[in-house]
Amino acid sequence: MISQLLAERAAESNPIRVGIIGTGKFGAGLVAQISQMKGMEVSAIADINAHNARYAYLSSGASQEEIRTAETGDELEDAVRAGKPVVVEDGLTLTDCESIDVIVESTGLPEVGARHAYQALSKRKHVVMVNVEADVTVGPFLRRTADAAGVVYTMVDGDQPAVTWNIVEWASSLGLEIVAAGRGTIYYEDDFEGTPETAASRFGFTEEHIERRTINLKMFNSFRDGTKAQVEMTALANAAGLVPDRRGMHEPSVNLEEIPVRFSLKEEGGLLSQHGVVELANSVAGDGRSMLPNPLKMGVFVVVRSDHPFTREDLAYNGCHVGGEGKNFLLYRPYHLVAVPAPLSIARAVLFGAANGSCAPTPTAECITIAKRDLRAGEQLDGGGGYTVVGQCEKASVAQLEGLLPFGLADGVVLKRAMAKGEAIAYDDVSLDEDSLVLKMRRLQDGISENERL
């Protein structure tokens with residue numbers, strides 16, 4: 001159906017006009033994918049590094065001569081209406097453009113992403129939120145803003161939270177109970193201490209690859225020190241109404257066939273104290289150094305449960321791995337394709353007004369801030385993928401009760417006291433930036449949530 005509707009828009013010379021903010025590896029990959037499609041075009045790109053934006057266009061078939069640069073909103077509007085690829089440095093200029101249908105926010109920075117998303121939603125534009133760091137901090141506030149404006153605020157297909165949510169939605173629609181949902185990880189024993197300087201060697205990236213794919217090593221370090229997986233599972237939890245079973249989740253070393261066994265209740269021989277949780281399946285063996293023989297790697301999974309004997313028989317007979325005393329079954333995809341299927345989220349938002357997973361107005365989980373090493377009083381924190389902190393998924397109720405600092409607020413704040421490695425950092429432990437827009441949004445969000453609880 002999507003392909004047919006896009007073909008009709010192409011025939012009518014009325015493509016979905018997309019504005020992309022941020023052209024790192026994901027954003028540039030999205031430009032490439034849309035360039036191969038009918039009925040959708042990347043009308044404009046915003047990036048503080050204009051070279052990256054132009055490179056994304058050039059790598060996807062645009063000629064140097066046709067790419068325009070806009071300094072003002074009027075110049076941007078003229079280029080978009082003329083169907084010319086255009087580059088701007090300020091993302092807010094892009095969110096103001098009347099001719100853009102949907103904004104894709106892929107900067108990865110909570111402060112910047114929250115500002116762009118809020119501005120776009122306020123202008124009644126759909127927002128596809130690649131910036132999961134901003135989503136887990138103020139996603140409920142942005143969701144409320146979108147609902148009030150009559151537009152869509154959505155996760156992005158291709159990234160693990162939305163890919164997993166697709167399976168959760170499928171299973172829930174069929175009446176299956178969600179026991180656990182999550183993603184695979186490759187988490188070695190020394191990854192927690194990883195820094196941006198070691199990220200390239202850990203991933204096996206060459207200098208040529210880093211330059212060609214505009215790799216942000218700080219962001220990629222957050223993939224290896226565990227933060228990104230924790231952030232993503234917080235986003236999934238808030239979209240699917242799930243919670244972590246414990247702080248940071250269990251993240252056992254498991255082969256595929258062991259996933260439904262380990263992610264079952266304790267009384268059934270598993271790890272869990274409850275159903276309806278987010279989890280991580282580590283592909284590294286218990287020694288912390290070698291890969292398991294049959295791991296999930298970077299794929300996604302959902303463990304579902306059925307009490308009906310016919311359904312259990314069919315799921316087992318047709319190849320699902322079994323656990324939970326014969327009632328739990330593994331659904332999984334061995335891959336996630338990052339930017340390749342991302343245009344489908346754009347199409348669903350514009351064509352159907354539908355989200356590919358979106359945080360609930362009231363969150364169930366929080367990504368909290370954990371000291372990555374022993375920290376001194378007066379030290380400035382540096383956010384995801386840096387040197388000072390990592391994120392961990394926690395129940396929203398626990399984070400609120402203990403006054404814990406949301407991870408999206410941890411970039412640039414200063415510690416008031418020394419913190420030990422592994423210690424959870426609270427609001428009272430830091431001096432906040434009172435000028436921060438994401439902090440102001442978060443306080444509004446917390447005020448709304450508290451009023452709802454009352």
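A donor-acceptor pair is defined here as one N or O able to donate and one able to accept, closer than 3.5 Å; no such pair exists between the side chain of R183 and the backbone of P161. The backbone N or O of V390 sits nowhere less than 3.5 Å from a side-chain atom of T227 that would complete a donor-acceptor pair.
With rounding to the nearest 0.5 angstrom, the NZ atom of K25 is 12.5 Å from the OG atom of S106. Here I21 contributes atom CD1 and D47 contributes atom CG; the two are 10.0 Å apart, rounded to the nearest 0.5 Å. The CG atom of L344 lies 9.0 Å from the CG atom of N166; values are rounded to the nearest 0.5 Å. Rounded to the nearest 0.5 Å, atoms CD (E71) and CG (D74) are 13.0 Å apart. Remark: S253 OG to N282 CG distance equals 4.5 Å, nearest 0.5 Å. Rounded to the nearest 0.5 angstrom, M233 CE and N238 CG are separated by 11.5 Å.
Counting all heavy atoms, side chain and backbone alike, V86 lies closest to S43 at CG1-O, 3.2 Å. The minimum heavy-atom distance between L121 and A146, with the atom names listed, is CD2-CB, 3.7 Å. Scanning all heavy atoms of the two residues, the minimum distance from C393 to M249 falls at CB-CE, 4.0 Å. Summarising the geometry of I16 relative to I346, their closest heavy-atom pair is CG2-CG2, 4.0 Å, with the distance given to 0.1 Å. Looking at every heavy atom in both residues, T93 comes nearest to L76 through O-CD2, 3.5 Å. Here the shortest heavy-atom pairing between P363 and A396 reads O-CB, 3.7 Å.
For CD of E208, the number of neighbouring non-hydrogen atoms (other residues, nucleotides, ligands) closer than 6.0 Å is greater than 12. Within a 6.0 Å radius of CD1 in I2, other residues, nucleotides and ligands contribute more than 12 heavy atoms. Residue E189 qualifies as enclosed at atom CD: its count of foreign heavy atoms under 6.0 Å is above 12. Other residues, nucleotides and ligands place more than 12 heavy atoms under 6.0 Å from the NZ atom of K218. Atom CG of D287 sits in a crowded spot, with more than 12 heavy atoms from other residues, nucleotides or ligands closer than 6.0 Å.
For Q33, the side chain to side chain contact (heavy atoms under 4.5 Å, CB included) partners two or more places apart in sequence, or in a different chain, are Q36, V340, P343. Partners of F203 by ring pair (Phe, Tyr, Trp, His ring centres under 6.0 Å), not counting sequence neighbours, listed by chain and number: F205, F220. A search for salt bridge (Lys or Arg N to Asp or Glu O under 4.0 Å) contacts involving R202 returns D190, D191, not counting sequence neighbours. Every side chain to side chain contact (heavy atoms under 4.5 Å, CB included) that E197 has, sequence neighbours left out, goes to T195, Y387. R247 is linked by a salt bridge (Lys or Arg N to Asp or Glu O under 4.0 Å) to E394, E402, counting only residues two or more places apart in sequence or in another chain. Under the salt bridge (Lys or Arg N to Asp or Glu O under 4.0 Å) criterion, R348 pairs with D157, not counting sequence neighbours. In this view, P334 and Y332 satisfy the side chain to side chain contact (heavy atoms under 4.5 Å, CB included) rule, not counting sequence neighbours. For F26, there are no ring pair (Phe, Tyr, Trp, His ring centres under 6.0 Å) partners at least two apart in sequence or on another chain. Residues passing the salt bridge (Lys or Arg N to Asp or Glu O under 4.0 Å) test with E169, sequence neighbours excluded: none.
Residues I67 and V87 form a side-chain contact, since some pair of their non-hydrogen atoms from C-beta on lies under 4.5 Å apart. Counting heavy atoms from C-beta on, the side chains of M441 and L444 never come closer than 4.5 Å. Taking 4.5 Å as the limit, every side-chain heavy atom of I178 sits out of range of all side-chain heavy atoms of H275. Using a 4.5 Å heavy-atom cutoff, the side chains of I186 and M298 are in contact. In this structure the side chain of V104 never reaches within 4.5 angstrom of the side chain of V156, judged on heavy atoms. By the 4.5 Å heavy-atom criterion applied to side chains, V304 and V179 are not counted as neighbours. Side-chain contact between V278 and V243: absent, with no pair of heavy atoms (C-beta onward) separated by less than 4.5 Å. In this structure, M37 and L6 have side chains that are in contact, with non-hydrogen atoms separated by less than 4.5 Å.
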Should L296 and F301 be marked as a side chain to side chain contact (heavy atoms under 4.5 Å, CB included) after you check the CA-CA gap, both sets of side-chain angles, and the distance that decides it? CA-CA 8 Å; L296 180 58; F301 73 90; 3.7 Å; yes

Between K395 and E366, is the salt bridge (charged side-chain N to carboxylate O under 4.0 Å, His left out) condition met? List the steps. CA-CA 6 Å; K395 297 179 182 69; E366 182 79 73; over 6 Å; no

Could you walk me through whether T198 and R224 pass the side chain to side chain contact (heavy atoms under 4.5 Å, CB included) check? CA-CA 10 Å; T198 64; R224 291 306 292 264; over 6 Å; no

Can E133 and K228 be said to form a salt bridge (charged side-chain N to carboxylate O under 4.0 Å, His left out), step by step? CA-CA 9 Å; E133 292 80 7; K228 191 70 169 185; 2.6 Å; yes

Can you check side chain to side chain contact (heavy atoms under 4.5 Å, CB included) on V284 and Y188, steps first, answer last? CA-CA 6 Å; V284 177; Y188 291 95; 3.8 Å; yes

Candidate pair L242 and E279, rule side chain to side chain contact (heavy atoms under 4.5 Å, CB included), full reasoning: CA-CA 10 Å; L242 307 174; E279 263 299 344; over 6 Å; no

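By the 4.0 Å N-to-carboxylate-O rule, E251 lies too far from R262 to be salt-bridged with it. A salt bridge does not link D101 to K125: none of the charged nitrogens lies less than 4.0 Å from a carboxylate oxygen.
A donor and an acceptor atom, one from each side chain of E379 and T388, are nowhere located under 3.5 Å apart. If you check the side chains of E105 and N131, you find a donor sitting under 3.5 Å from an acceptor. Inspection of the D135 and Y153 side chains reveals an N or O donor paired with an N or O acceptor under 3.5 Å.
Screening residues 85-131 for ring-ring contact (aromatic ring centres under 6.0 Å, His included) gives Y118-F141 as the qualifying pairs, with residues at least two apart or on separate chains. Identified under the side chain to side chain donor-acceptor pair (under 3.5 Å) test for residues 48-57, with sequence neighbours left out: R54-T69.
Checked against S345 for a side-chain hydrogen bond (donor to acceptor under 3.5 Å, both in side chains), the options N356, T154, D159 give a single hit: N356.
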Let me have the donor-acceptor pairs involving side chains of residues 404-426, under 3.5 Å, with sequence neighbours excluded, atom names and distances please.
{"residue": "R417", "atom": "NE", "partner": "D429", "partner atom": "OD1", "Å": "2.8"}
{"residue": "R417", "atom": "NH2", "partner": "E423", "partner atom": "OE2", "Å": "2.9"}
{"residue": "K421", "atom": "NZ", "partner": "E193", "partner atom": "OE2", "Å": "2.7"}
{"residue": "E423", "atom": "OE1", "partner": "A420", "partner atom": "N", "Å": "3.0"}

